Amino acid sequence: MLNNSELLRIESIVRSHLSGFATGFKTRHFGELENPQGTLNLKKQNVFVRALPGEFIYYSALVRSFDSAFGGLLEKLAIEIAREYYEVSQEVSGQISARQIDYINDILTNYKNKDAIPDISHYSNYSAEPFSLKPASHASDHLFFDKKKNTYHIVELKAGGDLDIKKAEVEKRALLEQYFILRNTTSSDIKLHFATAYNKFGEGNDWAQERVQRFFAAEELLIGKDFWNFVCKDDTGFAAVLSAYTNNIGVIVDALSEIKEAYNI
């Protein structure tokens with residue numbers, strides 16, 4: 001269980017990030033107030049939408065902007081909390097071979113054609129390449145190193161995890177390339193994860209995203225609660241983050257209300 005010091009630190013991190021998000025989101029839309037090409041003004045210029053109630057205009061215009069920005073907030077929040085428990089970086093550098101690239105292609109083709117069910121043994125049993133290596137680097141969403149367990153965790157985080165087949169394949173390819181780059185340069189254990197900040201089907205329910213599961217094994221998934229527990233290295237991590245979020249969400253609610261008032265909606 002997280003101790004009081006850890007809970008206070010998580011509370012502080014969440015408060016800081018929510019406050020910064022609220023300020024930035026409000027500043028952006030206040031800055032567009034006199035801009036006819038601004039997010040809200042463009043929606044108001046649609047004569048068919050303008051005939052609808054004002055609140056509909058406000059929420060329909062803002063929801064896409066908010067949803068996109070909010071996903072970024074959750075990623076930044078996760079990284080900042082993870083720094084309390086892991087060494088965090090966002091790039092993998094080392095070497096990879098053409099043979100490993102071909103092997104990745106074979107794995108993904110089998111998954112795409114449903115000739116194989118994703119399994120971590122498909123890459124974890126592949127030893128480091130001893131020759132024909134070329135320098136390589138790869139941007140990483142989240143690279144967490146657990147010093148106590150001598151384990152790297154390469155994490156692809158999506159807020160809700162709603163990917164199409166092509167995007168799911170791209171994400172798994174990126175993780176596998178990072179895996180082999182690391183495998184060629186370290187003897188540490190390496191784990192791959194596809195993570196979501198929340199379970200779009202409801203916490204506690206099965207996460208039935210077939211397009212992602214076509215390319216990712218069950219052991220690779222960190223969905224909602226499991227992801228935040230992993231970030232905090234504790235089974236109460238999700239509860240702690242959610243509690244801190246609930247305690248501080250008022251700053252975002254206030255920002256949304258101020259934007260609505262400024263646009264006279």
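Bear in mind the structure is a predicted one, so any value in this text is a computation, not a measurement.
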When rounded to the nearest 0.5 angstrom, what distance separates OG1 in Thr186 from CD1 in Ile181?
13.5 Å
In one Ile/Leu/Val/Met/Phe/Trp/Tyr side-chain cluster, 4.5 Å: Val212, Ile154
yes
With no hydrogens and no angle check, do the side chains of Gln90 and Ser140 hold a donor and an acceptor under 3.5 Å apart?
no
Not counting sequence neighbours, list each pair that qualifies as a salt bridge (charged side-chain N to carboxylate O under 4.0 Å, His left out) and has a residue in residues 16-29.
Lys26-Glu258, Arg28-Glu32
Can you get from Val155 to Ile190 by hopping between Ile, Leu, Val, Met, Phe, Trp and Tyr side chains that sit under 4.5 Å apart?
no
Which heavy-atom pair separates Ala78 from Leu157 by the least distance, and what is that distance?
CB-CD2, 4.3 Å
Given the rule in the side chain to side chain contact (heavy atoms under 4.5 Å, CB included) test, do Glu87 and Phe144 qualify, once you have shown the distances and angles that lead to the verdict?
CA-CA 6 Å; Glu87 290 184 358; Phe144 301 154; over 6 Å; no
Side chains of Tyr245 and Leu77: closer than 4.5 Å at any heavy-atom pair?
no
Applying salt bridge (charged side-chain N to carboxylate O under 4.0 Å, His left out) as the test, list every pair that has at least one member in residues 106-123; sequence neighbours left out.
Lys112-Glu169
If you round to the nearest 0.5 Å, how far is OG1 of Thr196 from CG of Leu221?
8.5 Å
Among residues at least two apart in sequence or on other chains, which ones pass side chain to side chain donor-acceptor pair (under 3.5 Å) with Lys233?
Asp146
With distance as the sole test, does Asn150 use its side chain to make a donor-acceptor pair with the main-chain N or O of Ser188 at under 3.5 Å?
no
Where at least one partner belongs to residues 238-247, residue pairs that pass salt bridge (charged side-chain N to carboxylate O under 4.0 Å, His left out), sequence neighbours excluded:
none
Atom CG of Leu7 and atom CD of Glu11: how far apart are they, to the nearest 0.5 Å?
9.0 Å
Can you tell me if Arg211 uses its side chain to pair, donor with acceptor, with the backbone of Ile165 under 3.5 Å?
no
Please list, chain by chain and in numerical order, all residues satisfying side chain to side chain donor-acceptor pair (under 3.5 Å) with His193, sequence neighbours excluded.
His153
Contacts of Lys76 meeting salt bridge (charged side-chain N to carboxylate O under 4.0 Å, His left out) (sequence neighbours excluded), chain-then-number -> none
With clusters defined by side-chain heavy atoms of hydrophobic residues (ILVMFWY) lying less than 4.5 Å apart, directly or transitively, does Ile10 cluster with Leu8?
no
Please answer whether the main-chain N or O of Ala168 pairs with a side-chain N or O of Glu171 as donor and acceptor at a distance below 3.5 Å.
no
Is there a path of hydrophobic side-chain contacts, each under 4.5 Å between heavy atoms of I, L, V, M, F, W or Y residues, that connects Ile249 with Ile259?
yes
For Gln100 and Ser127, which heavy atoms make the closest approach, and how far apart are they?
NE2-O, 4.4 Å
List the atom of Gly71, the atom of Ala159, and the distance in Å for their closest heavy-atom pair.
CA-CB, 4.2 Å
Smallest separation among heavy atoms of Gly160 and Lys200, with atom names:
O-CD, 3.8 Å
With distance as the sole test, does Thr109 use its side chain to make a donor-acceptor pair with the main-chain N or O of Asn105 at under 3.5 Å?
yes
Looking at every heavy atom in both Asn199 and Gly204, which two are closest together, and how far apart are they?
ND2-N, 4.4 Å
Hits for side chain to side chain donor-acceptor pair (under 3.5 Å) against Asn205, two or more places apart or cross-chain, chain-then-number order -> none
Which residue is it: Tyr123, Tyr152, Phe216? I am looking for the one with a side chain to side chain contact (heavy atoms under 4.5 Å, CB included) to Leu192.
Tyr123
Does any non-hydrogen side-chain atom of Leu108 lie less than 4.5 Å from one of Leu176?
yes
Salt bridge (charged side-chain N to carboxylate O under 4.0 Å, His left out) against Glu91, all qualifying residues, sequence neighbours excluded:
none
Hey, is the main chain of Gln95 close enough, under 3.5 Å, to the side chain of Asn184 for a donor-acceptor pair?
yes
Residues at least two apart in sequence or cross-chain that pass side chain to side chain donor-acceptor pair (under 3.5 Å) with Tyr103, listed by chain then number, are none
Pairs satisfying salt bridge (charged side-chain N to carboxylate O under 4.0 Å, His left out), at least one member in residues 175-197, at least two apart
Asp189-Lys191
Output for pair (Ile252 CD1, Ser257 OG), nearest 0.5 Å, gives 12.0 Å
Yes or no on side chain to side chain contact (heavy atoms under 4.5 Å, CB included) for Phe180 and Tyr126, after CA distance, side-chain angles and deciding distance?
CA-CA 9 Å; Phe180 282 110; Tyr126 194 105; 3.5 Å; yes
Which word best sums up how the rings of Phe66 and Phe25 line up, parallel for under 30°, tilted for 30 to 60°, or perpendicular for over 60°?
perpendicular
Neighbour count above 12 (heavy atom, 6.0 Å) for Glu210 CD:
yes
Evaluate the criterion side chain to side chain contact (heavy atoms under 4.5 Å, CB included) for residue pair Phe145 and Thr151; output intermediate values, then yes/no.
CA-CA 6 Å; Phe145 180 60; Thr151 300; 5.8 Å; no
Would you please name every residue forming a salt bridge (charged side-chain N to carboxylate O under 4.0 Å, His left out) with Glu219, sequence neighbours left out?
none
May I ask you to say whether Lys172 pairs ionically with Glu156, meaning some side-chain N is under 4.0 Å from a carboxylate O?
no
Minimum heavy-atom distance Thr185-Ser93, with the two atoms named:
OG1-O, 4.5 Å
CG on Leu74 to NZ on Lys158, rounded to 0.5 Å
13.0 Å
Between Phe21 and His17, does the ring-ring contact (aromatic ring centres under 6.0 Å, His included) criterion hold? Intermediate values first, please.
CA-CA 6 Å; Phe21 174 84; His17 278 265; over 10 Å; no
Report whether Tyr179 and Ile120 are members of the same hydrophobic cluster (ILVMFWY, side-chain heavy atoms less than 4.5 Å apart, transitive linking).
yes
Between Thr236 and Ala239 (side chain of the first, backbone of the second, donor and acceptor by atom type, cut-off under 3.5 Å), is there such a pair?
no
With side chain to side chain contact (heavy atoms under 4.5 Å, CB included) as the criterion, how do Ile81 and Trp228 come out once you've worked through the C-alpha distance, each side chain's angles and the decisive distance to 0.1 Å?
CA-CA 9 Å; Ile81 293 175; Trp228 293 106; 4.3 Å; yes
I want to check something: taking the side chain as every heavy atom from C-beta on, are Asp206 and Phe201 in contact at a cut-off of under 4.5 Å?
no
Does atom CG of Asn4 have more than 12 heavy-atom neighbours, drawn from other residues, nucleotides or ligands, at distances under 6.0 Å?
no
Walk me through it: do Tyr86 and Phe230 pass the test ring-ring contact (aromatic ring centres under 6.0 Å, His included)?
CA-CA 11 Å; Tyr86 303 89; Phe230 161 78; 5.4 Å; yes
Once rounded to the nearest 0.5 Å, what's the spacing between atom CZ of Phe215 and atom CG of Asn110?
10.5 Å
Residues in salt bridge (charged side-chain N to carboxylate O under 4.0 Å, His left out) contact with Arg9, at least two apart in sequence or another chain
Glu84
